[in-house]
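Below: one structure, written as structure tokens.
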Amino acid sequence: SQQGEEDPQALSIQEGENATMNCSYKTSINNLQWYRQNSGRGLVHLILIRSNEREKHSGRLRVTLDTSKKSSSLLITASRAADTASYFCATYANDYKLSFGAGTTVTVRA
Amino acid sequence: ETGVTQSPTHLIKTRGQQVTLRCSSQSGHNTVSWYQQALGQGPQFIFQYYREEENGRGNFPPRFSGLQFPNYSSELNVNALELDDSALYLCASSSSTLEQFFGPGTRLTVL
């Protein structure tokens, strides 16, 4: 079973617009991570936010974490065609198991 | 590029056969995790190896087995293949940072 659930399942935006996707999870976590996957290939780590952090930035990415609501959001600002991909949240509940959601597919239109 | 490599890239097998997938971890990483990703789904954790020992296992039957070698490379073996085993198999290596570095995956098709 999947620990996290992303919302929406799919998102289509115009180049230059912002994209926001959300992730909800079920159990207490040590940290939450976001990954990107292009065309069904390997995943690329984007950002990690620890359970005691509320917000983190990396370039055009902004991640928030609300442990009381067991939710996180990923914002991509000023989107580009190269941002077209599937985005997954993943949580660490213990030392070895990374649990992924089903992902949000983002399409950036030129 | 993460430095994690997987072979083969694609593989076609028939039901009942056995398959071995290979993964070379990134230099300096002593932990390898394997994931199964069905079409349209997120990766599902299969198991993890740390210093040649299985360090945790997901909800997969015993016909999924693995090995890690002294150089920290790893194999995933699947016996008695079933149609539902068709998926992208991903390996990821890590050290102590918790960030996992994924390989490009092996796409397995079971006919």
Side-chain angles (χ1 to χ4, degrees), chain A residues 1-10 21-27 29-53 56 58 61 63 72 74 85-106, chain B residues 1-7 9-10 23-26 29-51 53-60 66 68 86-109:
Chain A
S1 61
Q2 312 251 200
Q3 153 79 313
E5 288 188 11
E6 286 90 345
D7 171 58
Q9 289 185 329
M21 60 209 85
N22 302 298
C23 167
S24 59
Y25 56 91
K26 299 171 186 173
T27 62
I29 59 171
N30 293 326
N31 66 72
L32 185 144
Q33 304 178 32
W34 285 90
Y35 287 82
R36 184 186 74 226
Q37 184 176 40
N38 292 87
S39 302
R41 300 300 288 171
L43 284 84
V44 174
H45 182 269
L46 296 177
I47 198 165
L48 181 153
I49 186 165
R50 298 184 186 277
S51 59
N52 61 353
E53 297 176 311
K56 205 161 183 180
S58 177
L61 305 179
V63 168
S72 174
L74 171 66
S86 293
Y87 292 82
F88 296 89
C89 70
T91 55
Y92 256 118
N94 51 41
D95 286 338
Y96 63 82
K97 183 178 178 179
L98 197 59
S99 297
F100 287 84
T104 293
T105 300
V106 175
Chain B
E1 292 295 321
T2 66
V4 179
T5 60
Q6 291 186 246
S7 63
T9 305
H10 295 89
C23 172
S24 291
S25 58
Q26 186 162 316
H29 288 179
N30 54 20
T31 303
V32 173
S33 302
W34 285 91
Y35 297 84
Q36 180 196 67
Q37 186 178 21
L39 200 61
Q41 299 295 316
Q44 295 282 318
F45 175 78
I46 302 175
F47 43 55
Q48 183 184 87
Y49 279 83
Y50 171 69
R51 294 185 176 180
E53 297 284 332
E54 187 179 288
N55 189 41
R57 190 179 181 91
N59 190 25
F60 280 82
Q68 188 180 30
S86 294
L88 181 69
Y89 288 85
L90 297 160
C91 81
S93 72
S94 57
S95 57
S96 60
T97 63
L98 299 183
E99 177 184 346
Q100 296 197 2
F101 295 84
F102 282 81
T106 293
R107 186 160 296 282
L108 173 65
T109 301

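Below, chain A is the first sequence line, B the second, and so on; all start at residue 1.
With a 4.5 angstrom heavy-atom cutoff, B:Gln6 does not touch chain A via any of its atoms.
Shown here are the side chain to side chain donor-acceptor pair (under 3.5 Å) partners of B:Ser24, two or more places apart in sequence or in another chain: there are none. Scored by the side chain to side chain donor-acceptor pair (under 3.5 Å) test, A:Ser72 finds A:Trp34 as partners (sequence neighbours excluded).
Contact of the B:Pro43 side chain with the A:Phe88 side chain is registered, since non-hydrogen atoms from C-beta on lie closer than 4.5 Å.
Summarising the local packing, CD of B:Glu54 is surrounded by more than 12 heavy atoms from other residues, nucleotides or ligands at distances under 6.0 Å.
Closest of all the heavy-atom pairs between A:Gln37 and B:Leu88 is NE2-CD2, 3.8 Å. The minimum heavy-atom distance linking B:Phe45 with A:Leu98 is given by the pair CB-O, 4.2 Å. Between A:Gln33 and B:Gln100, the shortest heavy-atom distance links the atoms OE1-N, 4.5 Å.
A distance of 11.0 Å separates CD of B:Gln37 from CZ of A:Arg41, quoted to the nearest 0.5 Å. A distance of 9.5 Å separates NE2 in A:His45 from CZ in B:Phe102, rounded to the nearest 0.5 Å.
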